[in-house]
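When a residue number appears, it is its place in the shown sequence, counting from 1. Computed from a predicted model, the values in this text were never measured in an experiment.
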Amino acid sequence: MAEEAGLSDRLHAVQVNVVKVATEDIKHSFSDAEKYNFVDYINQALGGDPHVGKVLPLNPDSDEIFTAVRDGVLLCKLINRSVPGTVDERTLNLKEKKNVFEIGENQNLVLNSAKAIGCQVINIRPSDLSEGKPHLVLGLMWQIIKMGLYQNISLKENPNLIRLLEEGEDLRAFMKLPPDQILLRWFNYHLARAGWQR
């Protein structure tokens, strides 16, 4: 019971702590909860990968996540986890000691692959990732993870989504909806089934 109370206190502390980062007269912030959840996801999703095993598991209470992405390998692996086959891993520079040019190639591969799966990478340079700029790293990670989660929102993966068709709606029109709209419709469907009034 005391262990559960300690965990509850820790989670509460994580949720309210916001870190501010100043770059070029502009202040950016992120919450420790955001960082903690991304670290947890990465540790679970990539834990068995031999190419990132030397940096995993990441400690959610530290800023290791920002140094772990510097060589580009972890982010490329995360992209392939979200959308398999996006990055041809034969093109990755995987050796332990990488020079600045190999790191730059990996970071360019990260940004180009992230664009290819639909992430917005405007104003993110390879050097931003190499420097581990927190707001940019976490923003890109969120987009990569979101794209992977959205891959599962389809009739192929979840045939029960057919229940979300509205009266008179064509299946083809439903299948053209973006994943976030299907997710919202799913949420509203379950609220309606529970008797919740709008």
Review point. What's the spacing between Asn160 CG and Tyr189 OH if we round to 0.5 Å?
Key: 8.5 Å

Point to revise | Within-4.5 Å side-chain heavy-atom neighbours: Val121 and Asn112 | key: no

Point to revise | Donor-acceptor under 3.5 Å (Asn158 side chain, Asn152 main chain) | key: yes

**Study point:** From Ser31 atom OG to Leu138 atom CG, the distance as rounded to the nearest 0.5 Å
**Key:** 8.5 Å

Check your understanding: With sequence neighbours excluded, what pairs up with Val52 under the side-chain contact (heavy atoms from CB on, under 4.5 Å) test?
Key -> Leu46, Asp49, Val55, Leu56, Val73, Leu74, Lys77

Exercise for review: Kindly say whether Pro57 contributes a backbone atom to a donor-acceptor pair with the side chain of Asn43 at under 3.5 angstrom?
Suggested key: no

Point to revise | Shared hydrophobic cluster, Trp142 / Leu75 (ILVMFWY, side-chain heavy atoms < 4.5 Å) | key: yes

Review point. Taking only residues two or more places apart in sequence or in another chain, which ones pass ring-ring contact (aromatic ring centres under 6.0 Å, His included) with His51?
Key: none

Practice item. Of all the heavy-atom pairs spanning Gln107 and Gly72, show the shortest one and how long it is. Key: NE2-N, 3.6 Å

Exercise for review: Return yes if some donor-acceptor pair links the side-chain N/O of Lys35 with the main-chain N/O of Ile65 below 3.5 Å, else return no.
Suggested key: no

Exercise for review: Please report the shortest heavy-atom distance between Tyr150 and Pro179, naming the atom on each side.
Suggested key: CG-CB, 3.6 Å

Point to revise | With Tyr41 via side-chain contact (heavy atoms from CB on, under 4.5 Å) - residues at least two apart | key: Ala45, Leu78, Arg81, Ile145

Exercise for review: With the side chain counted from C-beta on, respond yes when Glu131 and Arg125 share a heavy-atom pair under 4.5 Å apart, and no when they do not.
Suggested key: no

Review point. Do NZ/NE/NH1/NH2 and the carboxylate oxygens of Asp180 and Lys146 come within less than 4.0 Å?
Key: no

**Study point:** Closest non-hydrogen atom pair between Arg163 and Arg193, with its separation
**Key:** NH1-NH1, 4.4 Å

Exercise for review: Work out which heavy atom in Arg70 is nearest to a heavy atom in Phe66; give both atom names and the distance.
Suggested key: CG-O, 3.7 Å

Point to revise | Ile182 CD1 to Ile153 CD1 distance, which is reported to the nearest 0.5 Å | key: 7.0 Å

Check your understanding: Rounded to the nearest 0.5 Å, how far apart are CG of Leu109 and CD1 of Ile79?
Key -> 7.5 Å

Side-chain donor-acceptor distances from residues 94-105 under 3.5 Å, at least two apart:
unit_1, atom_1, unit_2, atom_2, d
Lys95, NZ, Glu102, OE1, 3.4
Lys95, NZ, Glu102, OE2, 2.9
Lys98, NZ, Asp71, OD2, 3.0
Lys98, NZ, Lys95, O, 2.7
Asn99, OD1, Phe101, N, 2.9
Asn99, OD1, Glu102, N, 2.8
Glu102, OE1, Asn99, N, 2.9
Glu105, OE1, Asn93, ND2, 2.9

Point to revise | Atom pair CD (Glu166) and CG (Leu164), whose distance is rounded to the nearest 0.5 Å | key: 9.0 Å

Review point. So do the side chains of Asn59 and Val39 get within less than 4.5 Å of each other, counting heavy atoms only?
Key: no

**Study point:** Short side-chain to backbone donor-acceptor contact, Asp40 and Tyr36, under 3.5 Å
**Key:** no

Review point. For Ala114 and Leu140, which heavy atoms make the closest approach, and how far apart are they?
Key: CB-CD1, 3.9 Å

**Study point:** Euclidean distance, Asp32 CG relative to Asp61 CG, rounded to 0.5 Å
**Key:** 8.5 Å

Review point. Do the charged groups of Glu169 and Arg185 touch, with an N to O distance under 4.0 Å?
Key: yes

Review point. Are the side chain of Ser113 and the backbone N or O of Val110 linked by a donor-acceptor pair below 3.5 Å?
Key: no

Review point. Any chain of hydrophobic side-chain contacts (each under 4.5 Å) joining Leu155 to Trp186?
Key: yes

Exercise for review: Give me the one residue out of Leu111, Asn108, Asn106 that meets side-chain contact (heavy atoms from CB on, under 4.5 Å) with Leu129.
Suggested key: Leu111

Exercise for review: Say whether Phe38 and Leu149 are linked into one hydrophobic cluster, either directly or through other cluster members, by side-chain heavy-atom distances under 4.5 angstrom.
Suggested key: yes

Check your understanding: Got a donor-acceptor contact below 3.5 angstrom from the Ser82 side chain to the Ile144 backbone?
Key -> yes

Exercise for review: Would you kindly confirm whether Leu177 and Phe187 end up in one hydrophobic cluster when ILVMFWY residues are joined by side chain heavy atoms under 4.5 Å apart?
Suggested key: yes

Revision key, fill the gap. For Val83, the side-chain contact (heavy atoms from CB on, under 4.5 Å) test, sequence neighbours excluded, returns Thr86, Ile117, Gln151

Check your understanding: Closest approach of Gly118 and Met147, non-hydrogen atoms and distance?
Key -> O-CE, 3.3 Å

Exercise for review: Not counting sequence neighbours, which residues clear side-chain contact (heavy atoms from CB on, under 4.5 Å) with Lys176? List them please.
Suggested key: none

